[in-house]
2 protein chains.
Amino acid sequence: MGVTKTDLFTKEQNELAILAKAFAHPARIAILQYLLTSNKCINGDLVNELGLAQATISQHLRELKNVGIIQGSIDGASMSYCINPEKWENVQQLFNGMFDEIQNCRPGECC
Amino acid sequence: MGVTKTDLFTKEQNELAILAKAFAHPARIAILQYLLTSNKCINGDLVNELGLAQATISQHLRELKNVGIIQGSIDGASMSYCINPEKWENVQQLFNGMFDEIQNCRPGECC
DNA sequence: TCGTTTTATCGTATTTTTACGATGATTATT
DNA sequence: AATAATCATCGTAAAAATACGATAAAACGA
């Protein structure tokens, strides 16, 4: 018990869920918003920006990197992260593909 | 430990995370897609459609209802659920508000 | 009224997520 | 070379999420 039954669902449904999970924590939203507005790539000064431990930030960064929406590059002793623009647009389209399905829903037949 | 530190983040960041969490399971994506395409509201025949127990479906439905993206109405002995169109559009705009911030990101200064 | 259908909720087992200290690896600085 | 700075990973504790059987509540039909 307690295990998500991945095989019951379509590939798209699982992918959407995995991507949504990446957004499903305020710290990761904050990291992404910081990356979006900082323009240039940043490193672990996220530790100062957010009030979380270095290990925790690193863990969140890894999860965002695992799903591909951010990417990292070595910059001396530090590490630079930034949004992956292609993936970002891909994710937006995937979500909007779902959001836009509401147009097939006729209001009169809804509750 | 193990508790999300909600007070560290903005209201918007927390709200986005909560909404994303609602989408962060393939069963809930499947439920939403079913509701989107079924046009008229449906009830617990989701139990047949997905391969999950009745209690599990009910639990997922409650989570979707708690964040307001679906709503339920009593229909005799059964229960009809449907998307809440206003909330749906609100959620789409909130996500796109974040997605669109990528436009401030200048490619040359990214890694 | 009695039995059936339908759904929500409770209780609970299992897994996953979240958080952080400690450690080690790598690079920069002195 | 020695020290400092930076970051990933390990180990682990605590909490949340996931799933389902069992049960209760509400509505319908015979």
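Side chains are part of it too, since the values below use all heavy atoms of this structure and drop only hydrogens, waters and symmetry mates.
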Mind checking the CD-CG spacing from B:Glu12 to B:Leu94? Nearest 0.5 Å is all I need. 5.5 Å
Report yes if at least one side-chain N or O of B:Arg62 is closer than 4.0 Å to OP1 or OP2 of C:dT9; otherwise report no. yes
Roughly, in whole Å, what's the span from CD1 in A:Ile74 to C1' in D:dA5? 15 Å
Specify the residue among A:His60 and B:Val47 whose closest nucleotide of DNA chain C lies further upstream toward the 5′ end. B:Val47
Rounded to the nearest angstrom, tell me the gap between atom CD1 in A:Ile57 and atom P in C:dG21. 13 Å
Answer with base, sugar-phosphate or nothing: what part of the nucleic acid does B:Glu63 contact at a heavy-atom distance below 4.0 Å? sugar-phosphate
Whether B:Ser58 contacts C:dA8 is assessed here as follows: a side-chain N or O lying under 4.0 Å from the phosphate OP1 or OP2. Is that the case? yes
Would one find a side-chain N or O of A:His25 under 4.0 angstrom from OP1 or OP2 of D:dA16? no
Provide, to the nearest angstrom, the distance between the CD1 atom belonging to A:Ile18 and the C1' atom belonging to C:dT16. 13 Å
Please report the closest heavy-atom contact between B:Lys21 and B:Arg28, naming both atoms and the distance. O-NH2, 3.0 Å
Relative to the 5' end of DNA chain D, which residue comes earlier, A:Ala77 or A:Lys21, by the nucleotide with the nearest heavy atom? A:Ala77
Donor-acceptor contact present, side-chain B:Asn14 to main-chain B:Thr6, <3.5 Å: yes
Relative to the ring of A:Trp88, is the ring of B:Phe99 parallel (under 30°), tilted (30 to 60°) or perpendicular (over 60°)? perpendicular
Assign the ring pair A:His60 / A:His25 to parallel, tilted or perpendicular, where the plane angle (0 to 90°) is split at 30° and 60°. tilted
Length of the CG-P vector between A:Leu46 and D:dA5, whole Å: 19 Å
From D:dC20, D:dC7, C:dT18, nucleotide with atom closest to B:Ala53 side chain: D:dC20
So, is A:Asn43 close to the D:dT6 phosphate, meaning a side-chain N or O under 4.0 Å from OP1 or OP2? no
In this structure, how many angstroms lie between the P atom of D:dT6 and the CD atom of A:Gln59, rounded? 21 Å
Spacing of B:Asp7 atom CG relative to C:dA19 atom P, expressed in whole Å: 11 Å
Over how many whole Å does the gap from B:Ile70 atom CD1 to C:dA8 atom C1' extend? 13 Å
Straight-line distance of A:Asn43 CG to A:Ser73 OG, nearest 0.5 Å: 10.0 Å
Using OP1 and OP2 only, check whether a side-chain N or O of A:Tyr81 sits under 4.0 Å from D:dT6. no
With the side chain of A:Met79 defined as its heavy atoms from C-beta on, choose the nearest nucleotide among D:dT18, D:dA8, C:dA8. D:dA8
Which is true for B:Ser78 with a 4.0 Å heavy-atom rule: it touches a base, it touches only sugar-phosphate, or it touches nothing? sugar-phosphate
Mind checking if A:Leu61 touches a base, just sugar-phosphate, or nothing, with heavy atoms under 4.0 Å? nothing
Send over the distance from A:Asp75 CG to C:dT26 P, rounded to a whole Å. 18 Å
Counting side-chain heavy atoms from CB outward, which of C:dT9, C:dT18, D:dC7 is closest to B:Ala55? C:dT9
Closest to the B:Gln54 side chain, choosing from C:dC20, D:dA19, C:dA8: C:dA8
Please tell me if A:Thr56 has a side-chain N or O lying less than 4.0 Å from either OP1 or OP2 of C:dC20. yes
